[in-house]
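Just so it is clear, the model here is predicted, and its values are computed rather than measured. The analysis underlying the following values was restricted to heavy atoms, covering all of them including side chains, and did not include hydrogens, waters or symmetry mates.
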Amino acid sequence: MDRGELMIKSFLRKVKHSSMFLLFFSRAVLASFGRPSRNKLFVFGTPIHGNLGDQAIAYAEQAFLKQECNRKMVEIPSQFVEKYMSVWRWLVGRNGQIAIHGGGFVGSIWPSEDRMLRKVVSSFGGKQIIILPQTVYFDSEHTQMVDSFRELLISHGAVDICAREMYSFNAATKDYDFPNVKLVPDMVTYLSKNDVSIDEVSDRDSVLLCLRHDREKVNRQQTLEEIEKMLAPEKLILTDTVVEHSIYPWQRRRAVSTKINEFRQAKLVVTDRLHGMVFAAIAGTPCLVLSNNNYKIKGVYEWIKNNTYVRFVDEQTDNIHEIVTVLLTMKKNSYENDAAREKFNVLQELVGGNNVPKI
C-alpha cells in the first residue's frame, strides 16, 4: 500500500470518528435538554464495540435506571470520553449527575479503560460520581497504580465505587483502602427473561464451548481436552460473547437477546466468560463454569448459584466428569434472580431511588 492510499485511509478513519462523535453528541443533547437534572444520569464509558458482555451491562444499566430510579441514561461512549471532555463538562453542567459504566476495568488488566475512568473522576472534582458495579483488581507489581487511584479518590471526595463481588469489595476496602466502596451485583444479574426476547425451544441438541482468547484467559489445555473427550458423542459448537462488528445502543437489546437465545438452544454451555455464565443462567441452560485469571467469575457466581443448573468448578478438586453428567440431565430450568435483585437497593439509594417524577 503506497503513501497516498495510507493517507486516504487515515482521513476516512478520522471522518468516521468525527461523524460518530457528532451522532452520539446529538443523542446526548436530545436526551438532556428539556429534562430535569434529577431525571437523567450521564453514564461515561459505555460500549459500541462487539463485546456482548459489556453491551449486556449497558443494557441492564439502562433497564435498572428506568425501572427502579425513573432515570434516563445519557450515554457517552468510551472512545469519545477523553478527547472531548470539555464538551461533556459543558453538557453535564452544574447539576448533572454522573456515573461510570460497570465492568471489569478498575485496575491493571485493562489500562486504557482505567485511564478513561480516572479522566472522568479528575475532570469532575467535587461532583458525585457513581462507579457502577466493577471488578477491582490490581496485579501485585502495580502498587503505584493503587496508590495514585486512592489519592485521586480521596482528593475528589465524592466517588462511590460499586464492587460487583465480595473479592473486589474486600480488596478495595482492606487491601487498597479505597473510600466509599459498596457491594452491588454485576448489572447483568439484574436482568430477567422479561427484559430480553427469549424464544421457546423444543429440542436442545448441542453443547456450546464459549471460551476466552484474550489477556484474561487461563491456559488449561489438558482440562479442555478432557472435557471435549467426555462430550465427544455430543454436537460441539464453538462460540463467543465477542463479535467482530460494532453494536450501537439501538441494536443492543436484539444483539444480547440473540446471544442468549443461542445459549438457549444448547443442552450445555462450557465457559470461562463471566457473562457467558450469566447468559446461560438467563437462558435456563445448564452451564459448566471455569475460572479466568482473576476472581471475578467465581465472585459473581455467588449471586446466581441458587440456580443449580449453573456450576462453577474447581479444576483441582471437583470431579468434572460427574458434574457434566448431572448437568446433562437437567432439562427444564428457570432463572431465579430475586435474591440478586434485592441487593440493588444499595445502588438505587446512591442514584436517588424512585422518588422523582416519571420520565
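- Put simply, the residue from Lys40, Arg27, Arg252 that forms a salt bridge (Lys or Arg N to Asp or Glu O under 4.0 Å) with Glu75 is Arg252.
- If you chain together hydrophobic residues whose side chains sit under 4.5 Å apart, Met230 and Leu211 fall into the same group.
- The minimum heavy-atom distance linking Phe25 with Val87 is given by the pair CE1-CG1, 3.4 Å.
- Electrostatic pairing of Asp160 and Lys182 counts as a salt bridge here, judged by a charged N lying under 4.0 Å from a carboxylate O.
- A donor-acceptor distance shorter than 3.5 angstrom exists from the side chain of Gln134 to the backbone of Phe105, with no hydrogens or angles considered.
- A distance below 6.0 Å separates the ring centres of Phe44 and Phe124.
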- [ ] Could you walk me through whether Val324 and His321 pass the side-chain contact (heavy atoms from CB on, under 4.5 Å) test, one step at a time?
- [x] CA-CA 5 Å; Val324 167; His321 188 280; 6.0 Å; no
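- Between the Asp318 side chain and the Asp314 main chain, a donor and an acceptor come within less than 3.5 Å of each other.
- Residues Leu23 and Tyr248 fail the side-chain proximity criterion, which asks for heavy atoms closer than 4.5 Å.
- Here the closest non-hydrogen pair linking Val184 and Trp303 is C-CZ2, 4.3 Å.
- Side chain of Asn307 to main chain of Glu336: a donor-acceptor pair is present (N/O by atom type, distance under 3.5 Å, no hydrogens or angles).
- Closest non-hydrogen pair, Leu290 versus Ile297, comes out as O-CD1, 3.6 Å.
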Open item on the list: Could you walk me through whether Glu68 and Arg341 satisfy the side-chain contact (heavy atoms from CB on, under 4.5 Å) test, starting with their C-alpha distance in whole Å, then the side-chain angles of each, then the deciding distance to 0.1 Å, before giving a yes or no?
Closed with: CA-CA 11 Å; Glu68 308 295 340; Arg341 285 178 75 118; 3.7 Å; yes
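- The structure places NZ of Lys305 at 10.0 Å from NZ of Lys298, a figure rounded to the nearest 0.5 Å.
- Without hydrogens or angle criteria, Arg264 side chain to Glu200 main chain gives no donor-acceptor distance under 3.5 Å.
- Within 6.0 Å of NZ on Lys119 lie no more than 12 heavy atoms contributed by other residues, nucleotides or ligands.
- Put simply, the side chain of Tyr309 gets close to the backbone of Ala281: a donor and an acceptor are under 3.5 Å apart.
- At least one donor-acceptor pair closer than 3.5 Å links the side chain of Gln97 to the backbone N or O of Val351.
- The main-chain N or O of Gly53 is found under 3.5 Å from a side-chain atom of Asn51 such that the two form a donor-acceptor pair.
- At a threshold of 4.5 Å between non-hydrogen side-chain atoms, the residues Thr189 and Pro133 do not count as touching.
- One hydrophobic cluster holds both Ile237 and Leu328 under the rule that ILVMFWY side chains link at heavy-atom gaps under 4.5 Å.
- Note: Phe263 and Phe279 have perpendicular aromatic rings, judged against thresholds of 30 and 60 degrees for the angle between ring planes.
- No side-chain heavy atom of Met166 sits less than 4.5 Å from a side-chain heavy atom of Glu302.
- Between atom CD of residue Gln251 and atom OG of residue Ser246 there is a gap of 8.5 Å, rounded to the nearest 0.5 Å.
- Checked for salt-bridge contact, Glu226 and Lys229 miss the test: no charged N lies under 4.0 Å from a carboxylate O.
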Task: Audit row: Asn333, Thr285, side-chain contact (heavy atoms from CB on, under 4.5 Å) steps and yes/no - done: CA-CA 7 Å; Asn333 312 293; Thr285 300; over 6 Å; no
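- Cluster membership check: Ile154 does not share its hydrophobic cluster with Leu152, using side-chain heavy-atom separations under 4.5 Å among Ile, Leu, Val, Met, Phe, Trp and Tyr.
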TODO: Go through Ser123 and Trp88 one step at a time and tell me if the side-chain contact (heavy atoms from CB on, under 4.5 Å) criterion holds.
DONE: CA-CA 10 Å; Ser123 298; Trp88 306 129; over 6 Å; no
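- Without hydrogens or angle criteria, Tyr301 side chain to Met277 main chain gives no donor-acceptor distance under 3.5 Å.
- Heavy-atom minimum distance, Ala56 versus Leu191: O-CD1, 4.3 Å.
- Between the side chain of Tyr137 and the main chain of Gly104, no donor-acceptor pair closer than 3.5 Å is present.
- With contacts defined as side-chain heavy-atom distances shorter than 4.5 Å, the pair Arg164/Ile57 qualifies.
- Contact detail for Gly96 and Lys127: the closest heavy-atom pair is O-NZ, 3.2 Å.
- Residues Val242 and Ile260 do not share a hydrophobic cluster, clusters being chains of Ile/Leu/Val/Met/Phe/Trp/Tyr side chains in contact below 4.5 Å.
- Classification of Asp147 and Arg150 as a salt-bridged pair holds, one side-chain N sitting under 4.0 Å from a carboxylate O.
- With no hydrogens or angles considered, a side-chain donor-acceptor pair links Thr135 and Glu165 at under 3.5 Å.
- The CG atom of Leu208 sits 9.5 Å away from the CG atom of Leu236 when rounded to the nearest 0.5 Å.
- Ring geometry, Phe149 versus Phe178: the interplanar angle exceeds 60°, so the pair is classed perpendicular (tilted spans 30 to 60°).
- Residues Ser148 and Arg118 form a side-chain contact, since some pair of their non-hydrogen atoms from C-beta on lies under 4.5 Å apart.
- The shortest side-chain heavy-atom distance between Ser168 and Tyr295 falls under the 4.5 Å cut-off.
- A distance of 9.0 Å separates CD1 of Ile98 from CZ of Arg89, quoted to the nearest 0.5 Å.
- Side-chain rings of Trp90 and Phe42 stay apart, their centers remaining 6.0 Å or farther from each other.
- In this structure, Gly352 and Arg71 approach most closely via the heavy-atom pair CA-NH2, 3.8 Å.
- In summary, the side chains of His101 and Asp54 do not present any donor paired with an acceptor at a separation below 3.5 Å, with no hydrogens or angles considered.
- Exactly one residue among Arg273, Lys259, Arg212 makes a salt bridge (Lys or Arg N to Asp or Glu O under 4.0 Å) with Asp240. That residue is Arg273.
- Between Ser257 and Arg254 the shortest side-chain heavy-atom distance does not fall below 4.5 Å.
- Sparse packing is recorded around CD of Glu244, with 12 or fewer heavy atoms of other residues, nucleotides or ligands lying under 6.0 Å away.
- Taking CD1 of Ile304 as the start and CZ of Phe312 as the end, the distance is 11.5 Å to the nearest 0.5 Å.
- Under 3.5 Å, the side chains of Asn261 and Thr258 contain no donor-acceptor pair of N or O atoms.
- Remark: side-chain polar atoms of Thr241 are not paired, donor with acceptor, to backbone N or O of Gly276 under 3.5 angstrom.
- Side-chain contact between Leu209 and Glu228 is present, with heavy atoms from C-beta onward closer than 4.5 Å.
- If you take SG on Cys287 and CE on Met330, they are separated by 12.0 Å, rounding to the nearest 0.5 Å.
- Hydrophobic clustering of Ile, Leu, Val, Met, Phe, Trp and Tyr side chains at less than 4.5 Å, counting indirect connections, unites Val29 with Val43.
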